[in-house]
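What follows is a short report on a single structure.
Heavy-atom basis, side chains included; hydrogens, waters and symmetry copies ignored.
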Amino acid sequence: MSSEDLGTDKVPHSCPLSGPLNKRVARKGARFNVPDSSSSKDDGYVEITLDVCDDSVAVHSLKAANGDDLEQDPELALLAKGLEKRTTLGSLMARNASAKIRQVGHELKRLTSFTKKPARFDRTKSAAAHALTGLKFISKTDGGHGWAAVEKRFDEITGSNNGYLPRSQFGECIGMESKEFAGLLFDALARRQNLHGDSIDKVHLKYFWDQISNQSFDARLQTFFDMVDKDADGRITEEEVKEIISLSASANKLSNIQKQAEEYAALIMEELDPDNLGYIMINNLEMLLLQAPNQSVRGESRNLSQMISQNLKPTHDHNPLRRFYRGTRYFLVDNWQRVWVMALWIAVMCGLFTYKYIEYRRRKDVFDVMRHCVCFAKGAAETLKLNMALILLPVCRNTITWLRNKTKLGVVVPFDDNLNFHKVIAVGITIGVGIHGIAHLACDFPRLLHATPDQYRPMIKYFGKQHTSYWHFVRHVEGITGIVMVVLMAIAFTLATPWFRRGKMKNLPKPLKKLTGFNAFWYSHHLFVIVYTLLIVHGIKLFLTDKFCKRTTWMYLAIPVFLYLCERLTRLLRSSIKAVAIQKVAVYPGNVLALHMSKPHGFRYKSGQYMFVNCAAVSPFEWHPFSITSAPGDDNLSVHIRTLGDWTRQLRTVFSEVCQQPTDGKSGLLRADCLQGTNNPNFPRVLIDGPYGAPAQDYKKYEIVLLIGLGIGATPMISIVKDIVNNIKAKEEQEDEEEEDKMNALENGNGAAINKTSLSNSKRRLENFKTRRAYFYWVTREQGSFDWFKGIMNEVAEMDRNRVIELHNYCTSVYEEGDARSALITMLQALNHAKNGVDVVSGTRVKSHFAKPDWRRVYKQIAVNHNNARVGVFYCGAPALTKELRQLASDFSRKTSTKFDFHKENF
């Protein structure tokens, strides 16, 4: 470096404002060579002029050797700020000017090597334009409106702190959940303002908020860079990358990435620091951030997409009649199966009620005493007879499965709604019991007590002599059986409500908590054995009916009760005959237990169906339904069970006792494998019953299917995905066999001698398989959940060479793509997937997405890709999403040429 003394005049305010106003200033100039083969001799130098004070040095100007002003260059401006920040020591210590020049000279030699123009990423690319909207620190922030809320929270928090916001509450104030990430952001912005304390006032908070909510990508990029660059030297080292990876993983609840932070930091440095300098610069981060995948839609698809978006815009019709007509028409189109079943049921109920009402209205001897009360009581009783019979049919699962599989009734009968219909009938029974009981107890009996002797005389043959005691009527067999039935049904119906069945009653006293949960629901429903016995007795000892042929209760109940008893007997015999041998057990993160068992002889099922599982070591009487996760073509059966209640928790404990830590890279937290295919005697005895029909089994009827699973709700969809892969393999094998048979026939000189029998058998196996495209969306909030089906995901990704199945994994614990809190995870994901073909979040070959899916966009993309097609949408998961998915299917079916049929698992 060569320097020249340019003067020793006093220059007021030329030094940083933290020092004295008047100081002796020496202005020094230096020229540094910036090697670049493409530059000329003069252009290869940068001239930097410094103002040197007693205790500080400031950058006066930056120029090229040829005289051009470089201060507008953003990187040189950054250099200048860095030099000023670095060389300003304030009043902390005084050093002589020559020592300061030597220090600055050394720093300049290092930093000027970065003033060479790096290769900038072309921001005109469509993918870059999309990425420029990302790197946000606050989700969906609005600087103006957001500040009002932040200011309000600041006033609430600092009410007792004399107007100063502590660093520990900065995240709470700005609305950022991750305290660690908020603390890192606080430190970066504080360094920029030369703040050294752990608290800020409202003025500084406003500055912080302006930086956070700044919509400029360059500003956001600089803030993110400053967060990583903790020592503010303009460089990011591998150790700093490791720290920010660990912090980002913690903020996004990605424990696996947090454990491998050192390995992933080395990967980023390898990619961004190919020259092994030991650090990366801001332009490296920019280039990586802007290289997002291009997902633009072109040509005809773009036009179709725009047309669909236009059609889906809500229309406002001011005519109420047209709105009502359109809404009714849409409702009938979407629900015509349910509508005709419900209409028929209501019509029958009304018919029976009217029939009995008129019958007793015409019985003058009875009507003169009890008037319309007896008509209401008898009308309600007639509906109760039929409803008590009908309520058994929706739970005859074997019968429904047979009707679904072997008949065409599924076209007009909504078998998928069997449990919903079961609940509707229960409501009908509740209403009927209320009308019947109130009419008798509150109207008929008091009228009999207060009737005149002449009025009561026709009632003697039914009730005996007239009494003055109300309990004379209640203590009869009819009264006692009726009251006991009402009490038992009230208990069973109450414990079957979602609040009790799913354990949502949190504030109950400890003794009453045993009345919540599945066990209480299960055992209380067996009270109906007593209820049906009492109902038959109650029907035989009927008031006001002499002839036995008029006592029709047993006639209503005979066939449904017989059918239900056959169902239970079939389940008992089948489960005892179909003994299963446990072959493999694995316990996965997220409290999921995977059971792999032998397939009983003759056990035939379809993908999407479910079966009941019983473990006598937990409870000899309880049977619980679980989706089958294996495919029909697999050699064994498998179910994945998540711990959600008492029974599943005990089941996991029982099997965990025989499991050990996995070895040889096998999956699972705990694992036990059965050697040589024999049943391990330490495994508890497991019985199965099934299979039973479910909506998802009908996926083969559709050429295009959309499979959606939330958490453990992915289990039936996994079976479908595996089945699709198996069918793809079978089709390829069939084509190979056909080609081989043709070649053999041609070689033998007999073109007609093709083995038609084998070909027809192969075609018969695949004749019902119509699916040619499948979209699978699995949404889960825990990274460990992806371990459940890691092997299956990798197998599908490897075998599906024709891209028939499009897999999408979503991890909702990770902030949405474009959020600064997940920016480094996004970069790491792209690098690792490009280099190793493995996703850092799921650990599979399927690349994961962050946050929740935009379901409208998912439907729209399918509508664009498959114009004039019918798409089967199959969903299994939390009920909260059902309404949105069903409504979207309805909207797109009405307003686009693509029709979506929505189905939900209801077992």
message: Donor-acceptor check, side chain of Y702 to backbone of D901, threshold 3.5 angstrom: yes or no?
response: no
- line: side-chain contact (heavy atoms from CB on, under 4.5 Å) test vs F421 passes for just one of I425, L419, D417, namely I425
- line: Correct closest heavy-atom pair for Y532 and L557 would be CE2-CD2, 3.9 Å
field: W855 and Q887, any side-chain heavy atoms less than 4.5 Å apart
entry: no
- prompt: Quick one: is the NZ or CZ of R404 closer than 6.0 Å to the six-membered ring centre of F415, and within 45° of its axis?
  reply: no
task: Using atom types as modelled and distance alone, determine if a side-chain donor or acceptor of T452 lies under 3.5 Å from a backbone N or O of Q455.
output: yes
task: For the pair K904 and D416, find out whether any cationic side-chain nitrogen is under 4.0 Å from an anionic carboxylate oxygen.
output: no
- prompt: Should N387 and M349 count as side-chain neighbours, where that means a heavy-atom distance under 4.5 Å?
  reply: yes
- prompt: Closest approach of A380 and G432, non-hydrogen atoms and distance?
  reply: CB-O, 3.6 Å
query: Step by step, would you call N418 with V395 a side-chain contact (heavy atoms from CB on, under 4.5 Å)?
result: CA-CA 7 Å; N418 60 321; V395 291; over 6 Å; no
- prompt: Do S719 side-chain atoms and S607 backbone N/O form a donor-acceptor pair below 3.5 Å?
  reply: no
- request: With side-chain contact (heavy atoms from CB on, under 4.5 Å) as the test, would you mind laying out the steps for M485 and V433 before giving the verdict?
  value: CA-CA 10 Å; M485 281 191 295; V433 167; over 6 Å; no
message: Using a 3.5 Å distance criterion without hydrogens, assess whether the side chain of E884 forms a donor-acceptor pair with backbone atoms of L881.
response: no
query: Stepwise, does the side-chain contact (heavy atoms from CB on, under 4.5 Å) test hold for R397 with I400?
result: CA-CA 5 Å; R397 301 175 188 270; I400 291 176; 5.7 Å; no
message: Could you tell me if the side chain of H436 sits less than 4.5 Å from the side chain of K378, heavy atoms only?
response: no
message: Could you check whether D334 pairs with R894 (Lys NZ or Arg NE/NH1/NH2 to Asp/Glu carboxylate O, under 4.0 Å)?
response: yes
- prompt: Do the side chain of R551 and the main chain of I540 share a donor and acceptor less than 3.5 angstrom apart?
  reply: yes
task: Cation-pi check, R501 to F521: give yes when NZ or CZ is under 6.0 Å from the six-membered ring centre and within 45° of the ring axis, no otherwise.
output: yes
- prompt: Where the side chain of Y556 meets the backbone of L390, is there a donor-acceptor pair that is under 3.5 Å apart?
  reply: no
message: If you define the side chain from C-beta out and look only at heavy atoms, does anything of L706 sit under 4.5 Å from Y875?
response: no
field: NE2 on H903 to SG on C876, rounded to 0.5 Å
entry: 14.0 Å
- prompt: Do side-chain atoms of H538 reach the backbone of E478 as a donor and acceptor pair under 3.5 angstrom?
  reply: yes
message: Working note: K606 + D723, criterion salt bridge (Lys or Arg N to Asp or Glu O under 4.0 Å); need CA distance, chi angles, decisive distance, verdict.
response: CA-CA 9 Å; K606 298 179 180 180; D723 192 37; over 6 Å; no
message: Apply side-chain contact (heavy atoms from CB on, under 4.5 Å) to residues I712 and H640 and explain how you reach the verdict.
response: CA-CA 8 Å; I712 198 64; H640 287 66; 4.3 Å; yes
- request: Step through it carefully: locate the ring centre of F612, locate the ring centre of Y692, and say whether they are under 6.0 Å apart.
  value: yes
Under 3.5 Å donor-acceptor, E567 side chain and N398 backbone: yes
task: Answer with yes or no after comparing the ring centroid distance for H526 and F621 against a 6.0 Å cut-off, counting only values under it.
output: no
S893: side chain to side chain contact (heavy atoms under 4.5 Å, CB included) partners, not counting sequence neighbours: K899, F900
message: Strictly below 4.0 Å, N to O, side chains only: are R649 and D646 in salt-bridge contact?
response: yes
- prompt: Below 4.5 Å, heavy atoms only, C-beta onward: do V369 and L448 meet side chain to side chain?
  reply: yes
message: I'd like to know whether K701 forms a salt bridge (Lys or Arg N to Asp or Glu O under 4.0 Å) with D698, so could you lay out the CA-CA distance, the side-chain angles of the two residues, the decisive distance to 0.1 Å, and finally the verdict.
response: CA-CA 6 Å; K701 298 178 181 178; D698 296 328; 3.7 Å; yes
query: Does the Q337 side chain pair with the main chain of V411, one donor and one acceptor, at a distance under 3.5 Å?
result: yes
message: Strictly distance-based, threshold 3.5 Å: is any side-chain N or O of Y470 a donor or acceptor partner for the main-chain N or O of L441?
response: yes
statement: Here the pair of heavy atoms bringing I435 nearest to F376 is CG2-O, 3.8 Å
- prompt: What are the two closest heavy atoms between N614 and P620, and how far apart are they?
  reply: ND2-O, 3.4 Å
- request: Any chance you could lay out the ring-ring contact (aromatic ring centres under 6.0 Å, His included) test for Y357 and Y355, step after step, and finish with the verdict?
  value: CA-CA 6 Å; Y357 187 96; Y355 164 71; over 10 Å; no
